[in-house]
Every structure is written in structure tokens, then in C-alpha cells.
Amino acid sequence: MPMSAPATTPIRVLLADDHTLVRRGVRLILDGEPDLTVVAEAGDGAEAVAKARETPVDLAVLDVAMPRMTGLQAARELSRRLPDLHILILTMYDNEEYFFEALRAGASGYVLKSVADRDLVEACRAAVRDEPFIYPGAERALVRSYLERLHRGDGLPERAITEREEEILKLVAEGHTSKEIGELLFISAKTVERHRANLLQKLGMRDRLELTRYAIRAGLIEP
């Protein structure tokens, strides 16, 4: 009798999104495939980092806008701590800046939630093969924009604020006090206040309300 081919081990997926219904829907898509299995779920970026460190996973699928730590922030942290982990960003934002930021953060793919049922499975498989995945329709616009920028001598878009300032901006916008932010980030409340003052000055803003509006526009929190 001919020997049957050995069964391949499914790709172990960590799924992070702060909306339970979205996670449930995405999990149904992924668990419906024989080569994909969701082994851990998280409701925010910080939980995603913790889960990835305690559960063996091959791929992290991260929403962009989540409490405490965004998907992009979590991607940066995971890339530093677990360099072999593959990362996909799942988002509702069809946004060129987010796309480049996702690549900078260590993600190999960017999937729109609106077409996740069509693109997500293919994107997961591509990520694990170390192949980049760009959602269909984006390639031409992204390449054209990039070439225009190079022609002007601009290069890639620069970050307006540092990673640490982004972390603090997000937590300020979510209503955390300086003391709470310090405890979350393991820094002093005085250091938080200094970063907050730098943010206001750098962005030309006066108070937490304006910072919150900026955080919403930047996709750090949802309105």
C-alpha cells in the first residue's frame, strides 16, 4: 500500500481585536481552514504581547485601533521580543501612512476588515511564507505615491512623534492619569508629564481634548 503523506501542522494564530464579535467572525474564517487554527485571543495590544509570550504561536493577526496598546505598537513590541513571529495587521483603515507604519513595525501584511472574508486566509498563508501581502487595489496607488515622493526627494513619510510619545498620547486620550500611565509604562508620573508637555508643544495643542482628537485622527483610539 502506498504511504499517505504526513499531515502538516496547522499554522497557530493569535487573534487580537477589542471587539468580541469581530474576533468571533475572524476566528470562524480562520478555523474553517485545515491549515489554520486560532490558539489564542486578545482584547488589546498589551494582552496580545502577553499571550504571544506565553502561548506558542506562528502568526499574530492584530487590529490597529485597540485600548492600552494599538496593533502597530504591539507589532513593534512583538518584533523586538519575538523576531521569528509573523505579523498581519487587520484594519478598517484604507490608509497609506498606516500601511508604511505597519511595515516599519514588522508586519508583513495589511488586510482590510471589509474584505477579510476574501483576503485574510491568503494573507495568513503568505505571511508565514515570508511573503508580503498588500490588499488588492492598493498596489498601484501605493507605488504611484511612493514614486511621486521619491521624485520630490521626500522618501518615506516621517513619524510626527516618537514611539514613546505615541504610547503616552494614546493613554492620555483614553483618560488615564499621569500616575496610571506611569504604572502601565514603568516610568515616573513626572516623566509622563514631561512627555505630555512635549507632545502639546510638538503638535501645537493646548489640552487633553485636542490631544484626544489627534489620537482619533491618527487611529490610536476609536471615536
Side-chain angles (χ1 to χ4, degrees), residues 8-17 22-23 25-27 29-40 42 45 48-49 51-52 56-66 69-152 154-160 163 166 218-220:
T8 55
T9 305
I11 298 163
R12 298 165 298 183
V13 181
L14 163 66
L15 177 59
D17 194 296
V22 173
R23 286 205 312 273
V26 173
R27 181 167 196 149
I29 293 171
L30 298 181
D31 282 347
E33 299 296 321
D35 58 336
L36 298 167
T37 180
V38 176
V39 296
V49 173
K51 287 282 180 73
V57 292
D58 306 303
L59 172 69
V61 178
L62 309 170
D63 181 30
V64 169
M66 293 188 289
M69 183 186 282
T70 69
L72 294 176
Q73 290 169 345
R76 286 195 287 265
E77 186 72 11
L78 288 169
S79 293
R80 281 194 289 262
R81 293 176 181 269
L82 301 166
D84 293 332
L85 179 66
H86 304 282
I87 299 170
L88 272 182
I89 296 296
L90 182 63
T91 179
M92 66 174 66
Y93 302 103
D94 184 354
N95 181 299
E96 170 201 341
E97 188 177 341
Y98 287 145
F99 173 77
F100 284 122
E101 200 60 51
L103 295 184
R104 277 201 195 97
S108 58
Y110 190 90
V111 180
L112 294 180
K113 285 184 178 179
S114 57
V115 289
D117 56 333
R118 183 191 73 195
D119 292 344
L120 185 56
V121 169
E122 182 188 342
C124 288
R125 290 169 180 155
V128 173
R129 293 193 304 265
D130 284 322
E131 296 173 5
F133 181 88
I134 306 174
Y135 56 95
E139 297 98 329
R140 188 173 299 171
L142 287 168
V143 170
R144 184 172 59 243
S145 172
Y146 179 64
L147 291 174
E148 286 172 356
R149 222 186 269 112
L150 284 181
H151 183 69
R152 294 195 305 268
D154 294 342
L156 289 176
E158 292 297 319
R159 294 177 59 84
E163 289 179 18
E166 183 185 273
L220 295 174

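In this structure A123 satisfies the side-chain contact (heavy atoms from CB on, under 4.5 Å) test together with L88, V111, F133, sequence neighbours excluded. The side-chain contact (heavy atoms from CB on, under 4.5 Å) check on R125 picks up E33, D35, V121, R129, with sequence neighbours excluded. The side chain to side chain donor-acceptor pair (under 3.5 Å) search around R27 returns D31, E41, not counting sequence neighbours. Listed by chain and residue number, nothing satisfies the side chain to side chain donor-acceptor pair (under 3.5 Å) test with D84 (two or more places apart in sequence, or in another chain).
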Show your working on side-chain contact (heavy atoms from CB on, under 4.5 Å) between V13 and V57 and close with a plain yes or no.
CA-CA 6 Å; V13 181; V57 292; over 6 Å; no
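Here CG of L90 is found 7.5 Å from CG of L15. Values are rounded to the nearest 0.5 Å. Atoms CG and NZ, on L78 and K51 in that order, are 13.0 Å from each other to the nearest 0.5 Å.
The two residues L14 and A52 have their closest heavy-atom pair at CD2-CB, 3.9 Å. Between S79 and I87, the shortest heavy-atom distance links the atoms OG-CD1, 3.6 Å. Contact record, P10 with T37: CB-CG2, 3.7 Å, taken as the closest heavy-atom pair. P56 and V39 make their closest contact through O-CG2, 4.0 Å (heavy atoms, listed as atom of the first residue, atom of the second, distance).
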For residues 58-65, which side-chain donor-acceptor pairs fall under 3.5 Å, sequence neighbours excluded?
from : atom 1 : to   : atom 2 : distance (Å)
D58  : OD1    : R12  : NH2    : 3.0
D58  : OD2    : R12  : N      : 2.7
D58  : OD2    : R12  : NE     : 3.1
D63  : OD1    : K113 : NZ     : 3.3

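Taking the side chain as every heavy atom from C-beta outward, L120 and L30 approach each other to under 4.5 Å. In this structure, the side chains of D17 and V26 stay at 4.5 Å or more apart for every pair of heavy atoms.
Put simply, the residue from E101, R104, E77 that forms a side-chain contact (heavy atoms from CB on, under 4.5 Å) with L72 is E101.
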